[in-house]
Amino acid sequence: MRNLHVGAAQLGAIQKNDSRASVVARMLALLEQARTRGCELVVFPELALTTFFPRWYMPDPAEVDTWFERDMPNAATQPLFDFSREQGIALSFGYAELTPEGRHFNTSILTDRQGNIVGKYRKVHLPGHVEYDTERDFQHLEKRYFEPGDLGFPTFANEGAIMGMCICNDRRWPETYRVMGLRGVELITLGYNTPSINSQRRTEGQQQRLFHSQLVMQAGAYQNATWVVGVAKAGVEDGFPLMGGSVIIDPNGFICAQAAGEGDELIDHVCDMDECNFGKTTIFDFARHRRIEHYGPITAQTGVER
Ligand code: CDT
């Protein structure tokens, strides 16, 4: 057995005016709960430090940059890294990254149990649009504020497991999991901010959104024989509802733990990395069963060609 006690730390709503310090205090409260339960790795959502700002149209680049972090750790987040080191709890969380070259990414990081950053991921599949869209009930401007990630889908040997990360909309794309699967992934951390209603089809509400979210994460886990830790930012942010439904999913695709509410909430599970072995050596033994001669269109084209 290679047990890792994993916590999924769902965050409730973060309002536009909430400070980084107030959010970090809430994250520390969840980490303290995680410590009392014995967690060794705690996963937080996408853009964990702020409201989901891509819902707001901002023409002024200087205003946009106020939502971004220039360093990680920085003064606001250092207490998280200190807690990690002092209590021996690895972390993963998402934030908006502004690089020294002025590039903008939707990023997540992974630490070891000493608070050292051992992995970074930049969101590849950016949803939404660039310009203000009058046809939508609300905006989703990730394509305006971020560029697509340039790091691919790396995996990292960390705390006795092979770990990878993806972010929100990435979870809807099977390629996300498969690339990490081909790199031996055993645990994927995945934070999300998913509006409870489809901005382009208001009849698509929370029930269907939750169903799709779990469908794709459970399939990704099963088809790649990996643990998936999906963590929501939930609740109503300045009038805009985000769904909850944070889950820990085993390598057979079964949900082992699930958040009940839409506030700050920790769920946890002792995940045995050796549970990945059966799937990886039988039905999803990629080396024996994949037929790459038929997969060309997956990397050769984006849209449909007949
Ligand atoms: N944050 C994020 O990626 N949210 C998307 C919403 C898609 S609708 C534009 C998601 O996949 O949940």
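Numbers here simply count residues along the sequence, with the first being 1. When a ligand or atom number is given, it counts from 1 through the structure's own listing order.
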- Task: Determine, using ring centers only, whether Phe240 and Trp56 are less than 6.0 Å apart.
- Result: yes
Asn3 meets the side chain to side chain contact (heavy atoms under 4.5 Å, CB included) criterion, sequence neighbours left out, with Met1, Val270, Asp272
Quick note, side-chain hydrogen bond (donor to acceptor under 3.5 Å, both in side chains) partners involving residues 36-49, not counting sequence neighbours, are Gln33-Arg37, Arg37-Asp268, Glu40-Arg113, Glu46-Asn106, Glu46-Lys123, Glu46-Asn193
Is Met58 close to Thr66 at the side-chain level, that is, under 4.5 Å between some pair of heavy atoms?
no
For ligand 1, protein residues within the heavy-atom limit of under 4.0 Å are Glu46, Phe52, Lys123, Pro127, His140, Glu142, Cys168, Asn169, Arg171, Arg172, Asn193, Thr194
Residues passing the side chain to side chain contact (heavy atoms under 4.5 Å, CB included) test with Phe286, sequence neighbours excluded, are Arg178, Leu182, Asn224, Phe284, Arg290
Under a 3.5 Å cutoff, is there a donor and acceptor pairing between the side chains of Arg171 and Ser213? yes
